[in-house]
Amino acid sequence: MSNLISLPIKTASGVFLAHYSEAGLAALDFPKSHSTRIITPKVTAAIRAWYTTTTRAVKAVVAGKAATELPPLDLSSGTSFQQRVWEELLWIPAGETRSYSEIAKAISKPKAVRAVGGACGTNPVPLLIPCHRVLAANGKIGGFSGGLEWKRRLLTTEGTAVRS
DNA sequence: ATCGTCATATGAA
DNA sequence: TTCATATGACGAT
């Protein structure tokens, strides 16, 4: 079950690593120090299609544009609450931001603001699930699992001003 | 304006 | 149950 297939995604900002389960894209890693030597033995036709879509989407987001199409996401690793939050993040258009409390209201749990932050932190698919477009209520940047530098860069690229 | 403190939901140990 | 959070609101400085 936990046998994920990993494929490298080359972008102008580095090589991301996409992990696919049988249900879809299960995780996406930011470029690290890992070299691009990933062995990919048996890639099904479905995964090849997902990979194409994923690559296109990732490149779009890195370039500050909206992803036109997303691959199926395998969010089974998260709790139902987390999945609810992640799903909500999906609706945030490129170039716009929401606050943690806005997200909380959107899922009918206006007081679960901190929990929303926690869900963002465990988001397995950054960029495609735009957790970087979630700021604190006062416009502060908050935090980011993949590194604050990334969050800043992505927002700047999308034309969003962030307050220090 | 900045800082400390508390409230409140959720998840992990 | 206890602890930690990528928050938010409020009051004291």
Side-chain angles (χ1 to χ4, degrees), chain A residues 1-4 6 8-9 11-34 54-55 57-67 69-164:
Chain A
M1 289 305 300
S2 53
N3 199 357
L4 300 182
S6 304
I9 295 183
T11 73
S13 301
V15 179
F16 289 77
L17 201 51
H19 306 281
Y20 296 93
S21 71
E22 297 171 8
L25 181 64
L28 182 65
D29 289 344
F30 280 94
K32 264 199 158 184
S33 51
H34 62 60
T54 306
T55 301
V58 170
K59 284 185 176 179
V61 176
V62 165
K65 295 184 263 183
E69 186 188 355
L70 296 181
L73 303 178
D74 181 2
L75 304 179
S76 59
S77 63
T79 66
S80 67
F81 174 83
Q82 291 168 333
Q83 293 179 26
R84 187 85 180 282
V85 172
W86 298 337
E87 204 178 305
E88 190 63 34
L89 299 185
L90 246 25
W91 312 145
I92 306 179
E96 290 187 26
T97 60
R98 306 281 290 279
S99 69
Y100 292 98
S101 88
E102 287 286 324
I103 298 297
K105 286 180 203 160
I107 60 176
S108 305
K109 292 178 183 288
K111 291 168 190 161
V113 284
R114 306 186 69 166
V116 167
C120 288
T122 58
N123 170 17
V125 192
L127 272 75
L128 269 42
I129 296 178
C131 46
H132 60 278
R133 299 193 190 123
V134 185
L135 305 181
N138 51 13
K140 281 188 303 185
I141 194 164
F144 195 58
S145 312
L148 268 181
E149 350 162 340
W150 270 104
K151 187 166 183 176
R152 274 184 177 284
R153 181 200 294 193
L154 290 168
L155 289 171
T156 301
T157 305
E158 292 180 358
T160 304
V162 287
R163 190 192 157 180
S164 58

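Here is how names work: the chains are called A, B, and so on, in the same order as the sequence lines, proteins then strands, and each is numbered from 1.
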Chemist: Round to a whole Å and report the spacing from CG of N138(A) to P of dC3(B).
Modeler: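 Those two atoms, CG and P, are 13 Å apart.
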Chemist: Applying a 4.0 Å non-hydrogen cut-off, can you work out what S145(A) is touching in the nucleic acid: base, sugar-phosphate, or nothing?
Modeler: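 It contacts base atoms.
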Chemist: Which listed nucleotide (dA6(C), dT2(B), dT8(B)) is nearest to the side chain of R163(A)?
Modeler: dT2(B)
Chemist: When the distance from CH2 of W86(A) to C1' of dT10(B) is rounded to whole Å, what number comes out?
Modeler: 13 Å
Chemist: Would you say a side-chain N or O of S101(A) is under 4.0 Å from OP1 or OP2 of dT7(C)?
Modeler: no
Chemist: Any heavy-atom pair between the side chains of P31(A) and F16(A) that's under 4.5 Å?
Modeler: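 Yes - at least one pair of side-chain heavy atoms lies under 4.5 Å apart.
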Chemist: Can you tell me how far P of dA1(B) sits from NZ of K140(A), to the nearest Å?
Modeler: 13 Å
Chemist: Check for a donor-acceptor pair, side chain of R133(A) on one end and backbone N or O of I92(A) on the other, with a separation under 3.5 Å.
Modeler: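 Between the backbone of I92(A) and the side chain of R133(A) there is a qualifying donor-acceptor contact (under 3.5 Å).
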Chemist: Nearest-Å distance, CD (E102(A)) to C1' (dG8(C))?
Modeler: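 Rounded to the whole Å, the gap is 13 Å.
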Chemist: Tell me which of A112(A) and T122(A) sits closer to the 5' end of DNA chain B, going by the nucleotide each one is nearest to.
Modeler: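 It is A112(A) whose nearest nucleotide is closer to the 5' end.
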Chemist: What do the steps show when you test L70(A) against L25(A) for side chain to side chain contact (heavy atoms under 4.5 Å, CB included), and what is the final call?
Modeler: CA-CA 9 Å; L70(A) 296 181; L25(A) 181 64; over 6 Å; no
Chemist: Counting only side-chain nitrogens and oxygens, does K109(A) get under 4.0 Å of the OP1 or OP2 atom of dT10(B)?
Modeler: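 For dT10(B), OP1/OP2 do have a side-chain N/O of K109(A) under 4.0 Å.
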Chemist: Can you tell which of dT2(B), dG11(B), dG8(C) lies closest to the side chain of V113(A)?
Modeler: dG8(C)
Chemist: Describe the nucleic acid contact of G118(A) in one word from base, sugar-phosphate, nothing, applying a heavy-atom distance below 4.0 Å.
Modeler: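 It contacts nothing in the nucleic acid.
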Chemist: Can you tell me the Watson-Crick or wobble partner of dA9(C), both distances under 3.5 angstrom?
Modeler: dT5(B)
Chemist: Could you tell me how far apart I103(A) (CD1) and dT5(C) (C1') are, to the nearest whole angstrom?
Modeler: 17 Å
Chemist: Of the listed nucleotides (dT8(B), dG11(B), dG8(C)), which one gets closest to any side-chain atom of A136(A)?
Modeler: dG8(C)
Chemist: On DNA chain B, check which nucleotide each of F81(A) and R114(A) is closest to and give me the residue with the more 5' one.
Modeler: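 Upstream on the strand: R114(A).
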Chemist: May I have the distance from R152(A) (atom CZ) to dA6(C) (atom P), rounded to whole angstrom?
Modeler: 17 Å
Chemist: Below 30° counts as parallel, above 60° as perpendicular, anything between as tilted: where do the rings of F144(A) and H132(A) land?
Modeler: perpendicular
Chemist: Nearest of dG8(C), dG11(B), dT10(B) to any side-chain atom of A115(A)?
Modeler: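 Within the option list, the nearest is dT10(B).
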Chemist: Let's see if you can work this out: which of dG11(B), dA9(B), dT7(C) has an atom nearest to the side-chain heavy atoms of Q82(A)?
Modeler: dG11(B)
Chemist: Atom CG of N123(A) to atom P of dT10(B): distance rounded to whole Å?
Modeler: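 Roughly 19 Å, once rounded to whole Å.
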Chemist: Of L89(A), L28(A), V85(A), which meets side-chain contact (heavy atoms from CB on, under 4.5 Å) against I129(A)?
Modeler: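 Considering L89(A), L28(A), V85(A), a side-chain contact (heavy atoms from CB on, under 4.5 Å) with I129(A) is found only for L89(A).
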Chemist: Quick one: Y100(A) OH to dA9(C) P, roughly how many Å, whole number?
Modeler: 15 Å
